[in-house]
Amino acid sequence: MMRMTVLASGSKGNSTVISSSRTRVLVDAGLSCRELLKRMSIAGEDPAQLNAILVTHEHQDHIAGLSVLARRLNIPVFFTEPTHRAWVRMLTPRTTMTYAKWLDHVQREKETRAAAVAAIAPNSELAGQLAEESRIIAGIAAGAALNRSDDPNTPPELPFDPEEEDLCAPESQQAAAQKPDPTYLPAVEYFHAGTRFSIGDIDITPFTIPHDAADPCGFVFESEGIRMALATDLGYMPPNVKSALKRIDVLLLESNHDLEMLRDGPYPWSVKQRVLSRVGHLSNHATAEFLQKDYDGGAAWIILGHLSESNNAPELARHSAEQALGNQPTLLGNRVLLAHQATPLDPLTL
Ligand SMILES: [Zn+2]
Ligand SMILES: [Zn+2]
């Protein structure tokens with residue numbers, strides 16, 4: 001048995017529970033601890049049963065409730081090392097980072113990772129991909145230094161809310177929660193993109209995604225022969241993501257914006273540029289192109305997620321994906337669902 005429960009999806013917060021018969025993990029904690037606990041109870045997921053929290057990347061909409069929830073449940077958090085480092089930097093009160101400064105940090109992390117990959121496999125697509133991302137981010141950082149944006153998808157300022165901590169902490173922790181270190185976690189475990197690891201009876205394969213974060217990842221989860229995957233927050237569909245998304249039974253896939261709505265919409269130009277870039281978010285069009293050309297058609301459900309509230313309409317995203325699948329007559333069995341920002345999706349069990 002495997003189950004996926006999307007608790008929230010979108011630029012105001014992301015979180016999904018993945019369960020096998022014995023193990024239960026939370027991917028991202030992008031809502032407040034209180035809200036996450038509330039949504040788990042609405043969806044019938046018992047927070048006390050969670051074994052770990054996995055983090056895709058350090059953007060606010062993926063980590064807002066992370067430390068409070070991990071401490072409350074006393075469970076380990078799994079990061080890549082660069083993501084953990086970026087998260088600690090973001091939360092360290094001495095460094096009130098501007099978006100531009102934070103991008104500089106992200107760019108250095110990308111450069112380091114590109115060099116590490118190139119040292120092992122000099123001509124690999126991934127090495128080239130990371131070097132390209134590093135150059136794009138340097139460009140965005142230069143623009144952001146001139147024109148500070150209020151991008152709703154990016155997390156420049158300190159997201160820690162002490163009031164939230166008090167309300168969510170069990171009573172015995174109230175005193176200790178007076179001046180907590182926002183980066184304190186009960187336990188931290190590192191994983192590496194491309195290297196499979198296990199939590200309980202779930203095998204997890206993290207894969208690199210192109211996005212303006214230190215070391216962002218998607219995940220494939222496998223237990224008892226069932227495979228579920230999450231791929232949101234990616235600027236485009238590079239070869240390594242296409243090959244990671246083979247033989248998937250339940251796929252949560254980004255369908256962030258409609259290109260015309262984004263172009264004509266309310267965001268400042270610098271933000272539009274970032275969303276559209278190869279380290280931004282996947283458009284309905286790019287998602288449809290993947291579904292039509294590269295997708296192997298194996299999923300029982302495709303969940304479209306991380307829909308922009310300003311630059312997309314659920315029916316546009318659905319129509320675009322269904323049309324792409326409909327163009328492949330063998331794929332009519334695929335059911336398309338939409339993940340929501342405000343309410344959890346009914347659990348999907350296979
Ligand atoms: Zn996001
Ligand atoms: Zn992101």
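Small disclaimer: the values here were computed from a predicted structure and weren't measured. Order of listing sets the numbers, starting from 1, for every ligand and every atom in it.
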For the pair Asp212 and Arg274, find out whether any cationic side-chain nitrogen is under 4.0 Å from an anionic carboxylate oxygen.
yes
Does the shortest distance from the Zn ion (ligand 1) to an N/O/S atom of His281 fall below 2.8 Å?
no
Identify whether the distance between the nearest side-chain nitrogen and carboxylate oxygen of Asp249 and Arg227 falls below 4.0 Å.
no
Please state the angle at the Zn ion (ligand 1) spanned by NE2 of His306 and OD2 of Asp61: what is it, rounded to 10 degrees?
90°
Taking just the N, O or S atoms of His59, which one is nearest to the Zn ion (ligand 2)?
ND1
Can you tell me which residue pairs pass the side chain to side chain donor-acceptor pair (under 3.5 Å) test with a partner in residues 130-144, sequence neighbours excluded?
Gln107-Ser134, Lys110-Glu133, Glu132-Arg278
Angle at the Zn ion (ligand 2) (to 10°), with one arm to OD2 of Asp233 and the other to NE2 of His57
90°
Nearest to the Zn ion (ligand 2), which N, O or S atom of His211 do we find?
NE2
Using 4.0 Å as the upper bound for N to carboxylate O, is an ion pair formed by Glu45 and Arg39?
no
Ion pair check, Glu309 and Lys12, cut-off under 4.0 Å:
yes
